[in-house]
Amino acid sequence: MARTATKLAVSPLRRRVDPDRALVNVDSIVQVERPEEPVHCLRPMTIAATAHLFTQAFPGDVLYAVKCNPEPRVLRAVWAGGVRHFDCASAAEVALVRQMFAEAEIHFMHPVKSRAAIREAFSRHGVRDFVIDSADELAKIIDETRVRRDKARLGLIVRLAVSGKGAAYDLSGKFGATAAEAVALLRAARPWAKRLGLSFHVGSQCLSPAAYTEALALTGSVVAAAGEPVEIVDVGGGFPVSYANTVPTPLSDYFVAIERGLESAGLAGKVRLWAEPGRVLVAAGVSVLLQVQLRRGNDLYVNDGIYGSLSDAGVPGFQFPVRLVRVGGPLPSPQCQSYRFFGPTCDSADRMDGPFELPVDVREGDWIEIGQLGAYGAALRTAFNGFDRARIVDVNDPPLIATPGHLPLHQPLNQSLATARRSPRFRRSS
Ligand SMILES: *Cc1c(COP(=O)(O)O)cnc(C)c1O
């Protein structure tokens with residue numbers, strides 16, 4: 001009961017899934033089921049392979065940012081790929097990860113937490129690492145964990161504000177201490193900390209590796225000014241993936257930029273490096289299958305929209321890769337044209353300008369598969385206007401598009417994925 005509640009709190013996707021059912025492909029789902037509700041097509045092996053690649057290549061600990069996609073099957077795939085650390089931002093995320101993985105290292109990376117969430121994470125779920133960006137939050141954490149100065153046992157990570165330029169989503173507007181505040185916070189936190197760190201987030205879908213180098217230069221200057229050694233430097237998330245109109249530079253360029261940044265900051269070899277990737281690990285792992293309900297000129301009215309899984313196709317204007325799936329009738333025309341999509345709700349904001357390139361003869365009843373929706377797709381769904389229904393199924397298709405430096409489907413991971421599926425659910429008793 002409690003477990004289901006937790007799962008629903010963080011992962012609102014309605015599921016009607018037979019977990020033992022064999023993997024199928026997207027076209028056969030359309031052929032057999034002719035789904036009239038959006039279907040989330042999960043590629044667990046793609047996610048596991050990407051997580052494996054990232055954990056192998058990144059020169060430090062990899063914390064999966066759970067908010068990006070908290071679906072339990074996604075978490076299991078990330079785990080199967082070798083991720084053992086989780087960046088959680090709420091009590092519900094912490095509880096979900098702990099229920100699923102006894103040995104997971106959970107880090108509470110939200111700079112503003114409720115007192116109840118701090119207490120529960122610390123005493124029920126064994127969380128020791130907390131992010132702060134203010135003295136008041138530090139005081140709350142000390143209070144609620146009843147940590148004693150002489151028995152310091154917390155990991156305290158100070159979040160630095162950095163410029164969000166170069167990223168599709170600027171995440172600097174809300175959180176982060178200035179350099180001067182961070183210096184003071186590091187000094188104030190030291191007596192309570194078993195380990196001390198600095199973190200930042202360059203913004204999501206960051207297309208510039210240099211953003212990490214610059215943020216690390218700032219990090220180095222804060223450490224020098226504080227006169228306190230830090231044990232951890234956390235470069236956050238922001239690692240990008242491909243969309244229909246975007247091909248980022250390979251991941252290895254980001255890792256090189258990070259290592260260079262650490263060196264110039266005088267921190268190489270002196271700190272433990274963390275990253276908090278979300279999007280890059282899971283985006284390619286889910287596509288969503290929609291149905292066209294009406295065509296009006298170049299506008300397609302479809303059964304999912306910005307209040308569903310396509311929030312990023314709205315105002316942020318992400319151009320997701322698309323593919324037409326038709327059963328029966330003539331083969332789709334090889335000639336393509338640009339379309340706009342309109343979502344199912346009555347809000348006129350529920351439109352997605354794309355443009356989305358599809359065959360010229362798209363018609364009512366056709367299906368459209370939209371790729372790269374594993375990140376911030378299902379996680380942002382709402383029930384607005386009654387469009388709360390969507391299913392999730394496992395498929396064995398490759399992703400619609402690959403990101404440079406990403407592995408394609410990776411067979412050896414089948415085994416570890418199967419093991420992760422079978423691993424017993426965990427409940428910590430004390
Ligand atoms: C959202 C978020 C992430 C994940 O960001 P991506 O751009 O998806 O990699 C990591 N860390 C923090 C603190 C976040 O808020």
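Note: hydrogens, waters and symmetry copies are ignored here, and every other heavy atom, side chains too, is used. We count ligands from 1, going down the list as the structure has it; atoms in each ligand are counted the same way.
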*Does a side chain donor of either Y307 or D347 reach within less than 3.5 Å of an acceptor in the other side chain?*
yes
*Which atoms of ligand 1 sit under 4.0 Å from any heavy atom of D87?*
10 (C), 11 (N), 12 (C)
*Under 4.0 Å from any heavy atom of S204, which atoms of ligand 1 are there?*
6 (P), 7 (O), 8 (O)
*Do the side chain of N303 and the main chain of L290 share a donor and acceptor less than 3.5 angstrom apart?*
no
_Which of the numbered atoms in ligand 1 are under 4.0 angstrom from any heavy atom belonging to R279?_
6 (P), 8 (O), 9 (O)
*Identify, with sequence neighbours excluded, every residue that meets side chain to side chain contact (heavy atoms under 4.5 Å, CB included) alongside L138.*
I132, I142, L156, A188, A189
*Is any NZ, NE, NH1 or NH2 atom of the basic residue among D61 and R84 found under 4.0 Å from an Asp or Glu carboxylate oxygen of the other?*
no
*With a 4.0 Å heavy-atom cut-off (strictly under), which part of E276 contacts ligand 1: side chain, backbone, both or neither?*
both
_With a heavy-atom distance limit of 4.0 Å, tell me whether V280 approaches ligand 1 through its side chain, its backbone, both, or neither._
neither
_Would R128 pass as a cation-pi partner of F122, given that its NZ or CZ must be under 6.0 Å from the six-membered ring centre and within 45 degrees of the axis?_
yes
*Where does K67 meet ligand 1, judged by heavy-atom distances below 4.0 Å: at the side chain, the backbone, both, or neither?*
side chain
_Within the 4.0 Å heavy-atom shell around Y376, which atoms of ligand 1 are there?_
1 (C), 4 (C), 5 (O), 6 (P), 8 (O)
*Looking only at distance, does G278 have an N or O less than 3.5 Å from an N or O of ligand 1?*
yes
*The one among P111, A283, P240, G238 that brings a heavy atom closest to atom 6 (P) of ligand 1*: G238
_Just by distance, no angles: are the side chains of S287 and R43 close enough, under 3.5 Å, to form a donor-acceptor pair?_
yes
_Where at least one partner belongs to residues 187-197, residue pairs that pass side-chain hydrogen bond (donor to acceptor under 3.5 Å, both in side chains), sequence neighbours excluded_ = D129-R195, R190-E231
*With ring-ring contact (aromatic ring centres under 6.0 Å, His included) as the test, would you mind laying out the steps for Y212 and F239 before giving the verdict?*
CA-CA 10 Å; Y212 293 85; F239 303 95; 5.0 Å; yes
*For R159, atoms of ligand 1 separated by under 4.0 Å from a heavy atom*: 13 (C)
*Could you list the atoms of ligand 1 found under 4.0 angstrom from a heavy atom of A65?*
3 (C), 4 (C), 10 (C)
